[in-house]
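Beneath this line is the structure, given in structure tokens, with notes to follow.
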Amino acid sequence: MSRASIWIFDVTTERLGGGDSIVLWGLRSDGVVTPLVDTSFEDHIYVAGLDVEEVRERASVAAAGRGRIRVEPVRRRYRGVELEVARVSGEQEAVKAVAKALDNVADVFEADVRLSQKYILYRGVKPSRWYEAVYEDLERPFYPGAARLVELNEGADAPPPSLKTLALEFITLSRLGSPDPDRDPLVAVALYWGEEVEWISGDERSLFERLSEIVSELDPDVILSFGGNRVFYPYLVERAGNLGVSLRLGRYPGEIYQSVLGHFSIGGRINVDLYEYVDDSPIFQMKTLEELTAYLGLSQPRVRLDPHLYAHYWESDREALREYVGWRVVSIYNSFEVVREEVVSLSAITGIPMDYVLTSSSGRRIEFYVMGEAVKRGELIPPQVERRVRSYQGGLVLQPRPGLHRDIAVIDFKSMYPSIMMRFNISPETVVEGRVENGEYFEELGLSVRRDIEGLFPSVLGLLLSKRDETRRMMEGLSRSDPMYRVLDARQRTLKILANTVYGYMGWGAARWYSAEAASLVTFIGRRMISRSMDRAREMGLEVIYGDTDSLFIRHDPAKVDRLLGWISEYLGMEAKVEKVYRRLLFTSAKKRYAGVYDGVIDIVGLEYNRRDWCGYARELQGEVVAEVLRAGGVGRSLDILREYVSRLRRGEVPLEKLVIWEQITRPLDEYRVNAPHVEVARELARRGWRIGRGVFIGYVVTRGEGPIYKRAVHYLEADPSMVDVNYYIEHQLIPVVHRVLEPLGVPRKRVEAAARHTGRGLDAFM
DNA sequence: TGGGGCCGGGG
DNA sequence: GTGTACGGCCCCA
């Protein structure tokens with residue numbers, strides 16, 4: 001019998017010696033891998049709507065020959081109602097057969113929760129945390145150090161052990177977008193584990209072998225990539241299959257395989273694909289590694305190559321390629337060093353193992369957390385079903401007063417939707433149609449909120465937010481350099497993000513706890529609160545300029561604004577604060593589009609400047625014009641700036657990359673019903689063998705010629721500067737972005753157009 | 001000239 | 001694969 005502190009990095013189900021085994025993949029504090037096998041955990045389902053005796057009869061028939069099962073009556077709650085249900089437990093295969101047999105005649109619960117997930121939920125074991133484990137030798141360990149779990153208790157709240165990490169980046173000779181395993185060979189792999197970049201290249205078979213060898217020797221806990229799940233692992237698996245070679249990256253026999261949601265499992269190791277981290281966050285517009293490293297304050301590449309052109313550089317400039325790919329693999333490694341705490345806390349809080357927590361969607365993340373709380377409260381977990389979704393009204397957006405304003409205070413409700421849900425007890429099971437006893441009725445929607453039970457979601461929100469407060473208190477005593485400080489900071493941010501997704505989750509059609517009614521009640525109360533606050537502000541003599549969902553823009557009068565905040569707290573029971581005070585603020589005539597300056601910081605919201613479907617050159621121009629208007633308090637030199645931009649474009653001094661317009665493919669190409677420029681370019685690429693799926697970014701430039709733009713859009717790799725339709729860029733990119741900013745100042749479009757025409761020297765050069 | 005499809009980003 | 005509100009592009013009738 002041994003004891004040790006173990007950090008659990010994954011929980012998996014394995015078939016070891018016949019039965020179902022749960023394996024807790026543990027790391028000891030000295031870094032030794034210790035898989036703990038637990039054979040004592042049984043699968044189960046709950047069956048409602050059928051007499052327990054009948055469940056027993058039907059279950060024994062269905063399970064016959066597949067293993068022993070047990071059926072017992074238990075009390076559980078479902079949607080706020082207590083009921084008696086049958087709990088069927090036993091070996092996985094037998095329980096699955098029972099679930100299938102009863103599916104048509106009764107309500108079956110938790111058949112769609114995987115066994116390893118049930119282990120986490122019912123044993124209360126969360127991955128990415130420390131435990132005190134007692135274990136004994138296995139007769140036949142399937143991995144060196146594997147042991148039988150005897151006892152497990154919560155351990156210290158401490159930083160994770162050091163994880164041995166290996167970053168991978170692949171070079172394939174793909175000339176047509178993402179690599180095709182039937183066509184494009186793998187020519188090199190770059191590996192980095194904190195020392196020197198290691199390269200393998202040469203004959204493809206030996207390359208696969210060498211890769212397996214290095215991974216096995218190095219024995220990393222984490223394998224990092226940027227785009228592994230989307231691009232490289234599917235390619236590698238098929239390519240290895242085509243060549244008849246095996247790719248062994250896992251800790252025990254068995255190759256990598258695709259599991260849920262496009263995630264690849266690498267047995268006994270953690271597969272972290274940082275593309276998924278970037279894809280998740282709106283901070284990263286183009287979803288590139290360069291954006292990630294810039295955001296994290298890491299180095300940028302000295303040479304920057306387009307990954308679509310690896311095959312080209314492999315032939316023409318292998319040194320540059322080597323340098324760039326080397327930068328990438330090091331950057332992937334270094335980026336993970338910075339975001340590791342965030343990934344760990346996301347896993348530790350939600351209960352989803354690190355291995356696929358980044359792959360799972362934000363809806364599934366909060367859902368798994370809710371599932372854990374439901375189990376603790378004795379509530380059944382609703383099944384995942386296909387359903388029709390009902391749309392409902394969202395937040396209130398006020399019409400702005402266009403023009404340049406001074407000293408505008410932005411008042412924000414703090415966590416508006418979570419606060420409303422907690423204050424009004426709004427939850428999928430507490431919001432019901434019509435009037436109920438002990439309920440609060442909302443006439444306008446015909447919905448009531450039950451007050452006789454505490455809602456699951458308000459309770460989840462209360463937990464998340466109180467844990468966040470507690471975490472922030474713990475941080476107070478620590479210095480910023482303390483490793484625990486980073487852990488706690490990541491934790492409190494994660495808790496906030498999770499709390500903010502709870503409302504959206506309820507309105508999501510694929511959610512187990514879907515409730516458009518509850519979601520619509522939240523937004524209704526939000527609209528009412530903003531609207532009442534606005535009325536109150538006006539009664540107090542404050543001038544309301546604008547507002548959106550949970551904010552009000554008010555001409556600043558500190559004393560009155562303070563009183564308004566007090567009123568909001570007292571009469572609405574909500575906390576609001578002055579988020580910032582804009583010294584100057586420019587509203588366009590459109591909602592959600594404005595720019596302002598406070599404390600020397602320029603905010604640009606909703607304008608073309610922030611949008612990747614406008615070319616970089618126009619965005620840059622608008623940024624300059626906005627800065628000029630806010631500085632000058634009027635038009636200032638704006639039109640001169642436009643003239644300069646037009647001249648430089650006409651003189652051919654603008655690099656092609658600044659003229660590229662980026663748009664995303666959001667569906668399979670044959671589902672598009674329109675001829676749009678980016679779709680047409682994508683179709684052309686597809687005809688030539690590119691694999692264009694959802695999420696692919698199409699960059700194009702508009703070239704000279706006849707006809708609609710979709711016929712003149714050319715992929716940026718196919719275009720050269722002489723093809724550019726300069727007039728299109730002037731008329732449809734440069735003039736509009738300047739006009740957008742100057743129009744609220746009373747500048748007519750004709751004046752902007754005239755400025756673009758009169759550019760002085762260089763005019764007509766290309767006409 | 002106006003409506004529909006589509007996209008991106010705001011809160 | 002969290003929600004809705006919104007503006008503005010291009011295309012087409």
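Computed from a prediction, not measured in an experiment: that's the story for all the values here. Side chains are part of it too, since the values below use all heavy atoms of this structure and drop only hydrogens, waters and symmetry mates. Chain identifiers are assigned alphabetically (A, B, ...) following the order of the sequence lines, protein sequences preceding nucleic acid strands; residue numbering begins at 1 within each chain.
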Could you check whether [X] gets within reach of a base, just the sugar-phosphate, or nothing at all, counting any heavy atom under 4.0 Å?
{"X": "A:Tyr369", "value": "nothing"}
{"X": "A:Tyr594", "value": "sugar-phosphate"}
{"X": "A:Arg365", "value": "nothing"}
{"X": "A:Trp614", "value": "sugar-phosphate"}
{"X": "A:Gly507", "value": "sugar-phosphate"}
{"X": "A:Glu367", "value": "nothing"}
{"X": "A:Lys591", "value": "sugar-phosphate"}
{"X": "A:Ala590", "value": "sugar-phosphate"}

- Task: For the residue pair A:Ser427 and A:Glu429, confirm or rule out a side-chain donor-acceptor distance under 3.5 Å.
- Result: yes
Can you see if the side chain of [X] gets near the phosphate of [N] - specifically, an N or O under 4.0 Å from OP1 or OP2?
{"X": "A:Asn500", "N": "C:dT2", "result": "no"}
{"X": "A:Arg740", "N": "C:dC9", "result": "yes"}
{"X": "A:Arg527", "N": "C:dT4", "result": "no"}
{"X": "A:Arg593", "N": "C:dG7", "result": "no"}
{"X": "A:Gln664", "N": "B:dG8", "result": "yes"}

Whether [X] and [Y] hold their rings parallel, tilted or perpendicular, with breakpoints at 30° and 60°:
{"X": "A:Phe264", "Y": "A:Tyr233", "answer": "tilted"}
{"X": "A:Tyr582", "Y": "A:Phe553", "answer": "parallel"}
{"X": "A:Phe587", "Y": "A:Tyr546", "answer": "tilted"}

Over-ring placement of [X] relative to [Y], 6.0 Å and 45° cut-offs:
{"X": "A:Arg114", "Y": "A:Tyr356", "value": "yes"}
{"X": "A:Arg667", "Y": "A:Tyr672", "value": "yes"}
{"X": "A:Arg230", "Y": "A:Tyr275", "value": "yes"}

- Item | Stretch residues 665-684 of chain A: residues that reach within less than 4.0 Å of DNA chain B through a heavy atom | A:Thr666, A:Arg667, A:Tyr672, A:Arg673, A:Val674, A:His678
Rounded to whole Å, please give me the gap between [atom1] in [X] and [atom2] in [N].
{"X": "A:Asn610", "N": "B:dC7", "atom1": "CG", "atom2": "C1'", "result": "15 Å"}
{"X": "A:Leu396", "N": "B:dG10", "atom1": "CG", "atom2": "C1'", "result": "15 Å"}
{"X": "A:Asp613", "N": "C:dG7", "atom1": "CG", "atom2": "P", "result": "16 Å"}
{"X": "A:Tyr609", "N": "B:dG8", "atom1": "OH", "atom2": "P", "result": "19 Å"}
{"X": "A:Arg694", "N": "B:dC6", "atom1": "CZ", "atom2": "P", "result": "13 Å"}
{"X": "A:Gln733", "N": "C:dC9", "atom1": "CD", "atom2": "C1'", "result": "10 Å"}
{"X": "A:Arg512", "N": "C:dT2", "atom1": "CZ", "atom2": "C1'", "result": "16 Å"}
{"X": "A:Ile420", "N": "C:dT4", "atom1": "CD1", "atom2": "C1'", "result": "14 Å"}

- Message: Quick check for you: among B:dG10, C:dC11, B:dC7, whose closest atom lies nearest to any side-chain atom of A:Glu663?
- Response: B:dC7
- Query: What nucleotide, of C:dG1, C:dT4, C:dC11, holds the atom closest to the side chain of A:Ser391?
  - Reply: C:dT4
- Kindly say whether the aromatic ring centers of A:Tyr729 and A:Tyr617 come within a distance under 6.0 Å. no
- Task: Answer yes if the ring centres of A:His732 and A:Trp614 are under 6.0 angstrom apart, and no otherwise.
- Result: no
- A:Gly363 or A:Pro736: which one's nearest nucleotide on DNA chain C is closer to the 5' end? A:Gly363
